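Below is one structure; the comments refer to it alone.
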Amino acid sequence: MRKYLEGFMHECAYQGDDISALLLAYDLLVSSCSDELTTLISEYDEGYNIDFESVLSRMKMLSENAGIHEYTGSLLIFLCFTKRLREYYKEKGIADEIFLASVLDLRYKLDECKCVYGIVGSFVAKWFSGFFDLTRFALGRLQFELVDFGSEYDKGGVKLAQNTKVINVHIPRTGTRLDRESALRSYQLAKEFFAPRLGETIAFVCSSWLLFPRHREMLKEGSNLLAFMNDYDLVSSGEYSSYNEVWRLFDIMYDGDPSHLPADTSLRRAYVDLISRGEKTGWGRGVFIYK
């Protein structure tokens, strides 16, 4: 497994220091609790519909025993699972290109964890379960999964009921711009991928801080984020009760002083101003009928 992990991380362009740190953590796990680690990996080898919360809970204990951070152990166990995940993709006839795009989310979350906490690992490892139970996939720049719409929509001759299957959209933090061409390519790939399980109407749904309505006050015409927002018919929105979510934009946790937040982009500067005035941040949920 160690050799596999090293090869996998090189294949997915992990930084050298991160590879070294994760391999050292793996060695510590093997030396302190090899049998327990092997048991966890073998459970996923036998089937992908496992209790991932239980896996993470047990991994937390193994990490404590090995003297590594919980976030590091959480990422490592999913890195180990990628070996079998690739085989599951092959068994289902899903292209290796989609596998590689999907598992890159592990690296994205590693980069996020380093920015926010300075730790090589992941503090949102529960999120990975959607990729590893084969319900969520990266198709180009965006990530998608089939969900029930969960409410009702009736506009422009399009009706969606609570149980209508729609394609849920996630925007990963890749460190690259979400340009219009990439977004449109992803929508087309998702339509083709999920079409056999959908009806005539192809509806994308996105619920994210990126759809916060006040962004229209902050963004200039021609911005990639504004172009993304314009695809969606906003059906609901709300405000957060605190600023705990702003790490998604700033890559650091808010410590109560807006002057400590980086202001190196126009959107970040706009948020610093908003927070300085004591105003709320928030989210939006929108529907995009794809034709």
Side-chain angles (χ1 to χ4, degrees), residues 9 12-26 52-53 55-57 59-60 63-64 66-79 82 102-132 136 138 141-143 169-178 206-212 215 218 224-225 239-276 279-283:
M9 288 188 284
C12 294
Y14 283 59
Q15 294 182 19
D17 290 346
D18 295 338
I19 294 175
S20 297
L22 288 164
L23 289 177
L24 174 59
Y26 176 78
F52 290 102
E53 285 199 20
V55 167
L56 288 171
S57 176
M59 198 65 206
K60 181 179 179 180
S63 298
E64 290 173 354
I68 66 174
H69 199 281
E70 172 190 353
Y71 296 162
T72 306
S74 295
L75 178 64
L76 260 175
I77 191 59
F78 281 102
L79 284 170
T82 60
S102 299
V103 296
L104 274 179
D105 201 71
L106 298 171
R107 199 192 75 199
Y108 300 152
K109 294 298 186 286
L110 183 159
D111 292 341
E112 194 172 77
C113 192
K114 285 169 59 181
C115 286
V116 176
Y117 289 110
I119 296 169
V120 177
S122 174
F123 63 98
V124 291
K126 288 181 181 179
W127 163 254
F128 296 142
S129 62
F131 295 102
F132 285 80
R136 186 185 304 124
R141 176 64 175 77
L142 302 172
Q143 300 167 348
V169 182
H170 302 284
I171 309 97
R173 179 194 179 280
T174 65
T176 61
R177 291 183 179 276
L178 178 59
C206 183
S207 182
S208 171
W209 71 274
L210 291 171
L211 295 185
F212 182 39
H215 285 169
M218 307 174 183
N224 289 321
L225 178 52
E239 295 178 335
Y240 296 122
S241 60
S242 70
Y243 298 127
N244 291 340
E245 293 290 326
V246 299
W247 64 266
R248 298 181 185 278
L249 172 63
F250 292 104
D251 290 332
I252 61 173
M253 289 296 182
Y254 181 57
D255 65 2
D257 187 343
S259 69
H260 294 167
L261 296 171
D264 54 340
T265 69
S266 59
L267 187 59
R268 282 180 168 182
R269 286 191 292 273
Y271 263 76
V272 170
D273 289 343
L274 182 146
I275 293 169
S276 297
E279 298 179 27
K280 298 288 189 180
T281 60
W283 55 272

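It should be emphasised that the depicted structure is a prediction, and the values quoted were computed from it without experimental measurement.
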Review point. Do Phe123 and Trp247 have ring centroids that are under 6.0 Å from one another?
Key: yes
Check your understanding: Between Phe52 and Phe128, does the ring centre distance come in under 6.0 Å?
Key -> no
Can you tell me how far the [atom1] atom of [X] sits from the [atom2] atom of [Y], to the nearest 0.5 Å?
X	Y	atom1	atom2	result
Ile119	Ile68	CD1	CD1	11.5 Å
His170	Ser208	NE2	OG	10.0 Å
Leu225	Met218	CG	CE	10.5 Å
Met253	Asn244	CE	CG	7.5 Å
Glu64	Met59	CD	CE	11.0 Å
Lys109	Lys114	NZ	NZ	15.0 Å

Review point. Taking 4.0 angstrom as the limit, do Asp273 and Arg269 come out as a salt bridge?
Key: no
Point to revise | Lys/Arg N to Asp/Glu carboxylate O, Asp251 vs Arg173, below 4.0 Å | key: yes
Check your understanding: Pick from Asp18, Leu110, Leu106, Leu23: which one makes a side-chain contact (heavy atoms from CB on, under 4.5 Å) with Met9?
Key -> Leu23
Any side-chain heavy-atom pair of [X] and [Y] under 4.5 Å:
X	Y	result
Arg141	Ile171	yes
Val55	Phe78	no
Phe132	Thr82	yes
Val272	Ser276	yes
Val120	Asp17	no

Hey, is the main chain of [Y] close enough, under 3.5 Å, to the side chain of [X] for a donor-acceptor pair?
X	Y	answer
Arg136	Trp127	yes
Ser57	Glu53	no
Thr72	Gly121	no

Exercise for review: Please report the closest heavy-atom contact between Leu142 and Leu178, naming both atoms and the distance.
Suggested key: CD2-CD1, 3.7 Å
**Study point:** The single option from Tyr271, Trp209, Tyr254 passing ring pair (Phe, Tyr, Trp, His ring centres under 6.0 Å) against Tyr243
**Key:** Tyr254
Exercise for review: Report the relative orientation of the aromatic rings in Phe212 and His215; use parallel for angles under 30°, tilted for 30 to 60°, perpendicular for over 60°.
Suggested key: perpendicular
